[in-house]
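To start, the structure itself, in structure tokens.
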Amino acid sequence: MEKQEENKRKISLYWKCQLIGWSLASFYWLYQAFFLGRIFNPVAGLVHFIFDVIIGIGLTHIYRSIAKKNQWGQLATSRLMWYIIPSIVVLAFLYMMLICGKLYLINDYFFYVKDRNAKAYPEDMYSSLKMFLRYNGMNIFMTGFRLMSIWVLAYHLYLYAKREIRATKENAALVLAAKETQLINLSAQLNPHFLFNSLNNIKALVVDDPKAARRGIDLLSELLRISLYRNQVLLIPIKDELSLVKDYLELEKLRFGERMDSLMETDQELDEVMIPPLSIHTLVENAIKHGIAKKKNGGIVRIGVKKAGEELQISVLSPGALDPETGHKGLGLRNLEERLALQYEGKASVALMPFDHNIVLATILIPLT
């Protein structure tokens with residue numbers, strides 16, 4: 001309750017701008033009048049200043065009230081102009097009438113008054129309001145037209161900017177929500193894919209090598225625990241991802257035995273660099289599934305992590321050959337590519353290409369800045 005009452009007592013930004021803007025304009029006109037010798041009486045100057053502020057704020061606030069009631073700020077620019085231009089003309093006319101009336105009445109009371117009882121005035125254009133309007137009306141109308149044009153345009157520009165900022169924030173929130181949803185869905189696709197492959201590996205060991213199968217179950221349980229935990233985050237350190245990859249390679253080593261070997265070359269300075277979880281794992285899994293598993297003599301999976309200019313380069317070399325008819329990328333790599341595109345706004349990439357005779361190179365490039 002206290003906060004609500006305090007907020008009510010606070011002057012809004014709109015009223016602050018109104019008071020400051022029209023006060024500065026009125027003070028400038030007052031200074032000009034004194035400088036040019038049009039006003040000699042300080043009291044008359046103060047009255048002019050107060051009425052100038054009241055007239056400016058009053059006319060523009062009436063326009064704002066009408067515009068808000070009729071929701072002119074929501075109109076398209078082409079349609080809005082049909083309301084703005086006539087409104088400015090009407091405001092300028094009202095400004096002319098009010099300012100002329102103010103000048104005439106205040107000057108009638110203060111200007112050249114030497115004896116208030118006698119009320120001696122010079123016989124000039126101030127002797128009648130009609131003559132005053134004839135001599136000053138058009139100039140004051142043009143002044144009002146300029147002032148009201150500036151105020152109305154500034155007001156609608158402010159509304160437009162406010163609307164665009166709000167729309168931008170809403171769109172950003174929607175995009176972020178969509179990205180998070182897509183990332184979660186993609187991760188959900190990856191984890192079952194990894195689980196099924198690992199279970200098939202252990203199944204193949206149950207009969208031939210029960211001890212290795214038990215070790216495989218231990219490794220799989222640890223991998224699942226880590227992967228399920230990491231599914232809650234969008235980025236993890238490279239060292240954690242490599243730890244997962246080492247466990248996975250050990251699990252696959254139990255299956256392939258001497259047919260598979262691995263070699264890992266990494267830059268320890270990059271250990272804390274954050275990357276999407278299961279990114280290196282996906283390349284290694286793809287290399288084993290489409291390379292080692294299909295080769296009678298197996299081969300070596302070489303993993304490299306290094307800095308290449310302003311990018312992080314992750315590479316996996318493995319035996320295999322690309323089949324142009326079936327396409328270069330399976331489900332795992334396509335999902336990884338989409339995850340990277342979402343996470344890095346299209347600045348990261350995944351490439352799969354022949355490196356040498358019966359050798360395939362898979363590469364991830366991630367910007368470091």
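Not measured: the values here are computed from a predicted model.
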To the closest 0.5 Å, what do you measure between CD (Glu252) and CG (Leu219)? 10.5 Å

For Arg302, salt bridge (charged side-chain N to carboxylate O under 4.0 Å, His left out) partners two or more places apart: none

Can you list the steps and then say if Ser26 with Phe51 is a side-chain contact (heavy atoms from CB on, under 4.5 Å)? CA-CA 9 Å; Ser26 300; Phe51 273 93; over 6 Å; no

I'd like to check Lys306 versus Ile314 (side-chain heavy atoms, cut-off strictly below 4.5 Å). Are they in contact? no

Could you tell me if the side chain of Leu249 sits less than 4.5 Å from the side chain of Lys253, heavy atoms only? no

Side-chain contact, heavy-atom cut-off 4.5 Å: Leu242 with Ile280? yes

Less than 4.5 Å apart, side chain to side chain, heavy atoms only: is that true for Ile303 and Leu263? no

For Ala293 and Arg259, which heavy atoms make the closest approach, and how far apart are they? O-NH2, 3.6 Å

Looking only at non-hydrogen atoms, find the nearest pair between Ala362 and Leu352 and report the distance. CB-CD1, 3.6 Å

State, with a plain yes or no, whether a side-chain heavy atom of Pro354 is found less than 4.5 Å away from one of Leu361. no

Can you name the closest pair of heavy atoms from Cys100 and Ile140 and give their distance? SG-CD1, 3.4 Å

Is it true that a side-chain atom of Lys295 and a backbone atom of Pro319 form a donor plus acceptor pair closer than 3.5 Å? no

Sequence neighbours excluded, the answer for side chain to side chain contact (heavy atoms under 4.5 Å, CB included) partners of Leu153 is none

First locate atom CG of Leu317, then atom CD of Glu265, and finally report the distance between them rounded to the nearest 0.5 Å. 10.0 Å

Apply side-chain contact (heavy atoms from CB on, under 4.5 Å) to the pair Cys17 and Leu13, showing each step before the final yes or no. CA-CA 6 Å; Cys17 291; Leu13 177 62; 3.9 Å; yes

Determine, stepwise, if the pair Leu244 / Leu278 fulfils side-chain contact (heavy atoms from CB on, under 4.5 Å). CA-CA 8 Å; Leu244 177 70; Leu278 299 176; 3.4 Å; yes

Roughly how far, to the nearest 0.5 Å, is CD1 of Ile275 from CD1 of Ile238? 5.0 Å

Please determine whether side-chain contact (heavy atoms from CB on, under 4.5 Å) holds for the pair Met264 and Lys246, giving the CA-CA distance in whole Å, both sets of side-chain angles, and the decisive distance to 0.1 Å. CA-CA 9 Å; Met264 193 175 292; Lys246 288 176 183 177; 3.7 Å; yes

Consider only side-chain heavy atoms of I, L, V, M, F, W and Y, link residues closer than 4.5 Å, and tell whether Leu283 and Leu365 are in one cluster. no

Distance, nearest 0.5 Å, that separates NZ of Lys239 from CD1 of Ile236: 11.5 Å

Does the side chain of Gln18 reach to within under 4.5 Å of the side chain of Trp151, using non-hydrogen atoms? yes

Given 3.5 Å as the limit, does a donor-acceptor pair link the side chain of Arg339 with the main chain of Pro277, or not? yes

Give the C-alpha distance, both sets of side-chain angles, the deciding distance and a yes or no for salt bridge (Lys or Arg N to Asp or Glu O under 4.0 Å) between Lys307 and Glu269. CA-CA 9 Å; Lys307 183 179 179 181; Glu269 293 182 358; over 6 Å; no

Gap separating the NZ atom of Lys102 from the CD1 atom of Ile50, nearest 0.5 angstrom: 11.0 Å

Give a yes or no on whether a salt bridge exists between Glu250 and Arg215, defined as a side-chain N under 4.0 angstrom from a carboxylate O. yes

Check whether any side-chain heavy atom of Ile366 lies under 4.5 Å from a side-chain heavy atom of Lys347, and answer yes or no. no

Could you tell me which non-hydrogen atom of Ser279 sits nearest to which non-hydrogen atom of Ile364, and how far apart they are? O-CD1, 3.8 Å

Are Phe256 and Ile300 co-members of a hydrophobic cluster defined by side-chain heavy atoms under 4.5 Å apart? no

Nearest heavy atoms of Pro237 and Met274, plus distance in Å: N-SD, 3.6 Å

Where do Ser349 and Leu340 come nearest, in terms of heavy atoms and distance? O-CD1, 4.2 Å

May I have the list of side-chain donor-acceptor pairs in residues 67-96 shorter than 3.5 Å, sequence neighbours left out?
unit_1, atom_1, unit_2, atom_2, d
Asn70, ND2, Ile66, O, 2.8
Ser87, OG, Tyr83, O, 2.6

Residue Glu164 excluded, over 12 heavy atoms near CD under 6.0 Å: yes

Are Arg64 and Tyr14 in a cation-pi contact, defined as NZ or CZ under 6.0 Å from the six-membered ring centre and within 45° of the axis? yes

Give the cluster check for Tyr160 versus Tyr158: same hydrophobic cluster or not, with ILVMFWY residues linked at side-chain heavy-atom distances below 4.5 Å. no

Side-chain heavy-atom pair Leu24, Ile20 within 4.5 angstrom cut-off: yes

Using 0.5 Å steps for rounding, measure from the CD1 atom of Ile150 to the CZ atom of Phe145. 11.0 Å

On the 0 to 90° scale, with breaks at 30° and 60°, tag the His281-Tyr248 ring pair as parallel, tilted or perpendicular. perpendicular

